[in-house]
Every structure is written in C-alpha cells, then in structure tokens.
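Report on the structure given below.
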Amino acid sequence: MVHIARLLDEGGLPTDDEFLFGWDPTPGIVSIWADRSGKALLWRREGQRVTCSTEHFRPWIVATTLDDLAHLPSPVLPAPSDRGAQATITYRELDGPDGSYRYLLSARDGHLLERVLVAGASRRLGREVNRVSNLPETYYGVGPVEQYLMLTGKVCFKGLAYDDLHRLAFDLETTALDPQRGRIFLAAIHDSTGFETLLEAATPEQEAQLIADLCALIREHDPDVIENYNLCGFDFPFLQYRAAALKVPLRLGRAGGPPLLDSYEEAGSAGPYRFRQRRFSIAGREVIDTLEAVRRYDFAARVLPSYRLKEVAKHFGLAAPDRVYLEGSKVYETYREHPDLVRHYALDDVREVDGLSRRLMGAAFALAGMAPRGYGRVASAGPAMGILEPLLVRAYLRAGTALPQPITPDASWRHEGGATYLLAEGVAEHVVKADVASLYPSLMRTYQIGPKCDALGMLLHLLDRLTELRLFHKAAARQAPPGSMEANQHEGTQAAMKTINAAYGYMGAGTMALFADPQAADTVTRRGRELLDGLLAALRQRGVVPIEADTDGVYFAVPATWTQQEERTLVAQIGARLPTGTRLEYEGRYRAMLSHAIKNYALLTYDGELIVRGGALRSSRSEPFGERFLRQALLAVMQDDIAGVQRCFLDTVQMLRQRMLPASEVASRVRLSKTPQDYLASRTTHSEGQYEALLAAGRTQWTVGERVRTYRTQSGAWRWLPEEREEAPLSFEEQDDNEVLVNGNVLGLAETTPIDERRDYDVEQYARVLLTSYASRLAVAFTAEDFQQLFRVDGQMSLFDRPLEAMQLRWIRCPATTSLTPLSLLDEEKGHEQPNKSADAGSSPS
DNA sequence: AACGGACGGGG
DNA sequence: GTGTACGTCCGTT
C-alpha cells in the first residue's frame with residue numbers, strides 16, 4: 001500500500017492538489033453531457049465564445065471479481081491491459097486485497113458491458129439479475145458524466161469566475177397552479193448580461209407560440225445555466241405538460257447535443273427517508289433551482305421564517321424598492337385588467353432569482369471545480385455521498401488502488417453519539433456560551449481518525465486540504481472589499497469547504513458509504529465526549545459553573561463582576577489547553593438563563609431579548625394569555641423579580657376572574673377538517689367543540705381547512721369567536737421587547753385589550769390552564785414551598801406565608817472569589833495535549 | 001399525550 | 001448515521 005504522503009508532491013499550493021482539483025488543465029468547461037455509449041460532449045467557454053467538442057471514453061465499472069466474465073467465448077475474453085482500446089471488454093487490476101473492488105472493467109460501450117455482466121451474474125447466481133446496480137456487493141459504478149470526469153481528471157470551471165458564467169432565468173406566469181386546469185400566459189426572462197424580455201399569450205391560442213418562442217430565445221441567447229425559483233418543482237413540470245399537450249417540442253439543448261429537455265424520475269432511499277424527485281436535464285446547460293439553494297442555506301443558517309421567493313429576497317436585501325407584490329391566485333385576473341403590473345411583477349421575480357444565484361451559488365460553483373460531477377449535480381448533491389465519495393473514488397482510481405471491500409454490518413454494534421449534560425437547574429446570571437469550532441473534523445485531523453479501509457489515507461488528506469483552503473479563503477474574503485465579486489468568490493469557496501463537516505457522518509454511514517467505518521466514527525464521538533468532559537473539568541477548575549453542555553458547546557455562569565473581555569480571556573485560556581487542532585470559540589454572553597431541563601432553557605440577552613429553546617417551555621395549547629404570561633414571567637424570573645412573577649400571575653388570574661381579558665385571549669385556534677355533512681353524520685356519537693361552536697352560532701356552512709377560534713364558556717359549551725376585521729392582534733414579541741426596554745416592570749395587558757365584548761369564558765378552567773400548562777414551567781426556579789405559595793389560583797393568603805423578601809430563587813451562582821489566573825501562570829501547562837480525562841463532569845449525565 | 005403523516009414552494 | 005431536511009401542524013389513537 002502506498003500512503004498518500006508518498007504520492008503527493010508536498011509543499012505546493014493547495015490548488016496543485018490533483019486529488020482535490022483533478023489533474024487535467026482543460027479550462028473553461030461549463031457543461032458536460034455523456035451517455036453509456038462512451039460519448040462525452042464538452043462545452044467550453046473562452047470569453048464570449050462557447051465551443052462544443054465530442055470526446056470518447058471507455059465506460060467502466062469496478063468489480064470485486066471477474067467471475068461474471070468467465071462465460072465469455074475466447075475472442076471476447078478480456079485481457080489484463082489497457083492496450084487495444086478497441087477490445088470489446090478489458091480489465092485492469094488495481095492494487096488491493098481479495099474482496100476489494102480490484103478489477104476496473106471497461107468496454108467500448110457501457111450497455112454492452114452491463115449486458116455481459118448481467119448475463120454472467122444471472123448464470124453465476126442461478127437467478128435473474130436485471131441490473132448490476134442490484135449487486136452492490138460485487139459492482140460499484142457511477143453515472144456516465146462522473147465516469148468521464150473521474151477517468152480524465154477534468155473538472156468544471158477551471159479559470160472561470162462566477163460572473164463569467166452566462167446564466168438565464170425564466171419565470172412562467174400561469175392561470176392556475178395545475179397545468180391540467182391552467183395555461184401559460186406570460187414568461188419573463190432575465191439573464192446575467194442584463195438582457196430582459198417578456199413573452200405573452202393573451203389568448204389560449206397563443207400559448208403554443210409562446211412556448212416555441214421561449215425555446216428559440218433560450219437557444220439564441222445560449223446560456224450555460226438555466227435558473228429559476230422552484231424551477232424543478234413548478235416551471236419545468238408545467239412547461240413540460242403544456243408543451244406535450246400542445247405538441248410543441250421543448251428544444252432547449254445546446255448545439256452539438258441532443259436537443260430536447262429531458263426528465264426522469266429519480267427514486268432513492270436515504271436511510272429512513274424515501275424520496276422521488278423529478279430531475280430535468282438539458283444537454284449543454286446546467287439546471288439550477290434556487291429554491292434548493294435557499295433550503296441548503298437555511299439548513300445551517302436557520303434564519304428564514306418562510307421560503308417564499310418574496311420573503312427570501314427581502315431577507316437578502318434583493319427586493320427592489322418598487323417591487324410589485326401580487327397574491328398568487330390574483331395574478332391572472334390582475335393581468336387582464338392591469339397587464340403592466342403583472343409584467344413588472346414577473347420581471348421582479350427573475351431579477352430576484354438572479355440576485356439569489358449570485359448570493360448563494362458560490363459554494364456549488366467552487367465545489368464543481370473540484371468534484372468529478374457536473375455543476376447542476378453538485379448543486380443538488382449532499383456533501384458526503386455527493387462530494388466526498390466521488391472525490392475519494394477518483395483519487396483511488398488515479399492512484400491505481402482498489403476501492404475497499406464493502407463492510408458487513410455488525411448488528412451488535414451500538415454507536416454512541418455526543419455527550420449531553422444538564423449540570424445545573426435554576427436561574428443563572430452572567431452566562432457565557434462557548435463551543436468548539438468544527439469539533440468532529442478537528443478531532444479526525446488531530447487524532448488522525450480516518451476509515452481503516454482508506455488505505456491511502458485520502459479522507460484525512462482531503463480534510464487537511466479543505467481546512468487549509470477554508471482558512472485561506474475566509475481570510476481573503478475578509479480582506480476583499482465587502483460585496484465585491486472577489487469577496488463573493490472567496491466567501492463561496494470558504495462555504496464550500498464546510499463539506500468537511502460531512503466527513504464524520506460519512507464514516508458512520510454504515511453500509512451505504514464505500515469508505516464507511518463505524519468504529520472510526522465511534523472513536524470520533526468518544527474523543528468528542530472526552531474533550532467535552534475535559535472542557536467542563538477545566539471550567540470547574542477555574543471556578544466558573546457549567547450549566548448545560550451538548551456535544552461541542554457549553555453554557556456556564558461567570559462572576560457578576562466580569563467584563564466581556566475577561567470572559568473572552570477565560571475562553572481563550574481554556575481553549576489553549578484543548579488538543580492542538582481544536583479551537584474553542586466564544587459564542588456569546590447572556591444576562592441570565594433559566595435552566596429548565598435538558599435542551600430546554602430560556603436566555604435573556606443584554607439587549608433585553610428573550611430567547612426560549614426547547615419544546616418543554618412551550619405549551620401546545622398556546623392560548624394567547626398563557627403564552628404572554630409565560631414570556632413575562634420568564635423575563636421577571638431572569639431579572640430576579642419574584643414580586644414581579646407573582647404579580648404577573650395574580651394579575652392574570654384576576655383579569656380572568658374579573659373578565660378583563662377578552663375571549664380572544666383564552667381561545668385556541670383550530671383548523672377544521674370535516675365538512676358540514678361529515679360532522680353532522682358523526683355528531684351524535686362524537687361531538688366536537690369547534691363544530692358545535694359554529695353550529696351554535698348559526699353557521700351551518702364552512703370549508704375544510706378554515707381556521708376558527710373557539711373557547712369554553714361558563715356553561716361548558718363551546719363558543720365560536722369570529723375573526724375581527726383587520727383588527728390585527730398586537731405582535732406579542734414586539735410588545736414584550738418594548739416592555740423590557742422601557743422598564744424592568746412587565747405587564748400591561750389591559751391597555752392592549754382589543755375591543756371585544758365577549759367575556760363569557762369558563763374562568764376556573766382557564767385559571768387551571770394557567771397553572772398547569774404555563775406556571776408549572778417555572779417550577780425549576782423556586783423551592784416547592786415557594787412555588788406553591790406564589791402560584792395559588794385562589795389568590796388567598798395564608799397565615800404561614802413567607803414574605804416575598806425572604807424568598808430566594810434557586811440560583812446557579814458562581815463564587816465571587818473566582819478570578820482569572822494570569823496567563824503567565826498558565827504557560828507552564830502548555831503542551832498539555834490531552835484533554836483532562838479525570839473529569840468528574842459526567843456526574844449527572846442524562 | 002403520543003405518535004404518524006404531510007407539508008413547505010410555485011400561479 | 002447516508003443522496004431530502006426537519007420543524008410545525010395536522011389528524012388519529
């Protein structure tokens with residue numbers, strides 16, 4: 001076995017690494033198309049010009065055995081060499097043990113190769129085998145484009161910047177969402193050169209012409225990339241259906257290749273998930289759906305409340321000031337009366353798509369310059385099986401090394417994940433959050449934990465290189481002028497390198513991943529737990545108080561007197577003692593924290609913002625008055641205002657009793673699922689509050705899906721609360737924030753009460769709800785006796801009540817004596833590589 | 001309550 | 001714990 005270190009010419013620039021960037025220098029490839037016959041079409045861009053060339057390759061597959069070729073008559077028996085490219089089937093032996101995929105089989109034609117292997121396998125196994133892909137333990141193969149790129153070491157976009165690509169977005173406006181019931185009446189086009197136009201079909205008779213014109217326009221402008229928002233979920237399927245119905249061929253392909261839009265159903269299973277997705281491909285053009293890019297972005301960022309194009313564009317600051325907004329269902333009727341409005345609207349759509357592409361596609365663009373896959377595939381590929389594995393396979397074939405033998409799953413193996421600890425319950429002030437950056441890939445690099453079957457050490461090599469590149473581009477992005485093309489490029493490349501985070505999951509993937517190694521994955525999490533334990537021990541040793549820890553991060557309380565600088569210094573000092581290659585980051589500081597249960601806590605920022613994490617601090621009932629109470633009470637608790645908590649509770653109870661709260665505050669909102677007929681049929685056996693409420697109000701008609709508010713009245717009946725006309729209830733978030741900013745004193749329900757005369761709700765019922773569904777969430781902050789005294793629904797005093805001043809919250813306190821050790825004293829401990837294993841941190845694992 | 005399934009997005 | 005992800009909301013026991 002030759003280790004990677006000896007294969008590599010050390011010391012070169014990272015971009016010299018052929019395992020990461022391929023080895024063929026061909027510049028300007030913008031699109032690749034290949035088929036099983038061994039034909040590959042390359043479209044290369046040189047400035048404004050694009051040329052197409054036809055290449056031939058020998059379709060290949062790797063196999064663990066030659067047995068399925070044994071039945072061949074001698075003239076077609078393979079020879080162990082690459083010479084004679086005309087030979088029907090040949091093989092090459094790769095370096096590797098028995099059982100590994102050590103035979104690289106190739107043929108002039110991929111269909112022939114498949115037929116021969118299927119016949120041989122059927123004979124060998126004594127049963128009908130339909131496809132080699134049904135024999136994963138014997139054969140490993142990839143798609144034609146991947147075969148070509150892995151063989152040649154070519155990659156997309158060499159020498160190109162993102163802005164060199166010619167991208168075109170088109171957006172269809174239709175009379176309905178369903179192509180069986182509606183038609184296309186308008187198409188807006190925008191491309192990256194600034195070209196824009198509209199195609200219109202005012203009458204149904206003009207629709208076929210619109211489709212033909214759209215195709216002609218795309219062929220004429222000849223973009224490398226076709227984009228839109230939900231392109232593969234809406235525009236392409238709609239276009240395809242209408243074109244078929246009207247018998248218009250969708251000639252969208254580039255000169256030199258097959259002309260028609262192609263689509264196929266991709267069915268697969270990813271662990272517990274099963275998915276069917278329609279894929280679209282056009283020879284010579286890459287298909288990009290920016291909705292998918294948005295989903296990926298938000299997977300990590302978690303900032304988008306909605307994935308509607310309009311909301312997303314606003315979030316990224318892409319919406320024009322004069323942007324036209326129309327409700328989807330109103331688009332066509334608006335067009336008939338005010339066509340200009342819809343034209344404007346449709347152009348705004350495609351412009352925003354262009355902006356999204358610029359903002360979000362940088363990472364996929366960078367990855368397409370590395371992985372042996374087309375840009376469109378890279379954009380919709382997962383980082384593990386979609387990027388890392390193709391990189392590994394290409395590297396192994398390049399090195400002439402066999403792909404590892406598929407592992408047999410060990411059913412008895414139990415994988416242990418990261419550690420999670422609830423270390424303290426109650427209320428803390430002055431809380432710091434720190435976490436280890438890229439914990440798992442860092443551990444893999446630090447302790448050289450790679451898959452045992454990775455004889456070349458390639459995964460760790462790729463991890464090293466990707467990490468170096470990430471740091472380089474991160475720094476470069478910071479130095480470049482903000483918003484510049486250069487900054488965008490570096491930011492995209494930096495983001496692409498986050499692929500490293502998939503390496504751990506890939507190893508743990510069991511049988512699906514070629515280079516899986518569950519034991520290695522387990523070693524990573526074990527090291528992770530040790531590191532977390534060591535981190536907790538180090539924090540305790542320094543006198544601060546850990547509150548909750550999860551896999552790679554920890555919340556802890558520091559002395560009240562500390563400044564942010566001191567907090568940062570502590571994190572830096574503790575980080576310095578972590579194993580080399582792991583970095584502890586200061587993530588943030590909070591004025592207070594209520595630690596309720598594992599992964600369930602509330603935080604109060606220094607800006608007065610309340611953050612609530614975990615389902616246990618939320619009620620599924622979510623009556624407005626209860627939600628509001630809980631938020632206010634959490635704020636009061638975290639500001640050590642016991643009197644405020646009690647006042648908040650008693651005031652709410654009193655407002656219920658005196659019916660100062662309108663019914664809308666106690667009502668819960670439900671969605672109707674039964675038609676009036678359905679409900680009337682089941683009513684006698686099974687009565688349901690929401691429908692009874694409607695019927696009692698004289699409503700005998702409703703639609704399924706309608707949301708109604710209902711509440712329980714004194715008599716036990718349910719009552720419907722009709723929506724008020726545009727009397728939008730105040731946003732509770734805003735309201736709470738304002739209150740906090742104004743003064744620490746929370747409460748002010750009365751003045752927000754909308755004009756609503758209904759107050760006939762069941763007071764006792766809602767008082768009970770307040771206690772059992774909401775106040776109970778605060779129990780962790782009080783002793784049992786204090787809690788009972790504070791939250792009494794009857795509001796009665798008792799002779800044995802303690803004065804509030806005598807009460808103490810259940811504090812999580814950091815001793816005031818804790819002080820920072822000067823850095824000089826810690827220096828002696830430098831070189832202390834291993835995390836402290838004597839940690840007692842696991843004393844209360846959950 | 002606890003669990004299972006659909007949905008999101010597009011006109 | 002993998003190519004489609006993962007809360008949230010619904011409906012059912």
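Numbers restart at 1 for each chain; the letters A, B, ... are given by sequence-line order, proteins then strands.
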Open item on the list: Please report the distance, rounded to the nearest Å, between CZ in A/Arg302 and C1' in C/dC6.
Closed with: 7 Å
Open item on the list: Distance check needed: C/dT2 C1' versus A/Leu459 CG, whole Å only.
Closed with: 14 Å
Results of ring-ring contact (aromatic ring centres under 6.0 Å, His included) for [X] - residues two or more places apart only:
X        : answer
A/Tyr345 : none
A/Tyr375 : A/Phe157
A/Tyr335 : A/Phe185

Quantified in whole Å, what is the [atom1] atom distance between nucleotide [N] and nucleotide [M]?
N      : M      : atom1 : value
C/dA5  : C/dC10 : P     : 25 Å
B/dG8  : C/dT2  : P     : 25 Å
B/dG11 : C/dG7  : C1'   : 26 Å

TODO: Please list, chain by chain and in numerical order, all residues satisfying salt bridge (Lys or Arg N to Asp or Glu O under 4.0 Å) with A/Lys314, sequence neighbours excluded.
DONE: none
Is [X] salt-bridged to [Y], going by a charged N under 4.0 Å from an acidic O?
X        : Y        : answer
A/Asp349 : A/Lys310 : yes
A/Arg526 : A/Asp522 : no
A/Arg296 : A/Glu292 : yes
A/Asp348 : A/Arg351 : yes

Task: Dot-bracket encoding per residue of DNA chain B, Watson-Crick/G-U cut-off under 3.5 Å, | denoting interstrand - done: ||||||||...
Name the pairs: protein N/O against N/O of nucleotides 8-11 of chain B, kept only if under 3.5 Å.
| from | atom 1 | to | atom 2 | distance (Å) |
| --- | --- | --- | --- | --- |
| B/dG9 | OP1 | A/Tyr307 | N | 3.2 |
| B/dG9 | OP2 | A/Arg308 | NH1 | 3.4 |
| B/dG10 | OP1 | A/Leu309 | N | 2.7 |
| B/dG10 | O4' | A/Asn230 | ND2 | 2.9 |
| B/dG11 | OP1 | A/Asp349 | OD2 | 3.3 |
| B/dG11 | O3' | A/Glu173 | OE1 | 2.5 |
| B/dG11 | O3' | A/Thr174 | N | 3.1 |

